[in-house]
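Single-structure report; data block below.
The structure presented is a predicted model; accordingly, all values stated were derived computationally and were not measured. Counting begins at 1 with the first residue of the sequence. When reading the values below, keep in mind they use all heavy atoms of this one structure, side chains included, and skip hydrogens, waters and symmetry mates.
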Amino acid sequence: MRSYLDSDQARLYELIWLRTVASQMESAELERTTADITAKVDSRLIELRATGTVIKFDGFLTLYHEDMDEPARTRKGAGCRR
């Protein structure tokens, strides 16, 4: 297919193809952990919150990441997986 498209068209085609396949895949399972820490220093009360997420099952995230709409530009060697 790439031989019939210019580079912009090929990137658009890949994006559409990856999203289409990802939409048919199983949902991802994420585990979120939150830790609230409260400390008193002299007369001040300090509250801190730390959060973290662990991917338990990557599901559709194998192909599609919201923050990476252009995988060929951001990851070396990433391309169509057909």
Out of curiosity, does [Y] fall in the hydrophobic cluster containing [X] (side-chain heavy atoms, cut-off under 4.5 Å, transitive links)?
X   : Y   : answer
L63 : L12 : no
I16 : L18 : no
I37 : L45 : no

Rounded distance (nearest 0.5 Å) linking atom [atom1] of [X] with atom [atom2] of [Y]:
X   : Y   : atom1 : atom2 : result
E47 : D36 : CD    : CG    : 8.0 Å
M25 : D58 : CE    : CG    : 7.0 Å
F60 : S23 : CZ    : OG    : 10.5 Å

Partners meeting side-chain hydrogen bond (donor to acceptor under 3.5 Å, both in side chains) with K56 (sequence neighbours left out):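 Listed in chain order: E31.
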Heavy atoms only: give me the nearest L61-A28 pair and the separation to one decimal. CD1-CB, 3.6 Å
Minimum-distance pair of heavy atoms, taken over all atoms of Q9 and D6: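 Heavy-atom minimum between the residues: N-OD1, 2.8 Å.
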Residues V54, T33; criterion side-chain contact (heavy atoms from CB on, under 4.5 Å); working and verdict: CA-CA 8 Å; V54 175; T33 302; 5.9 Å; no
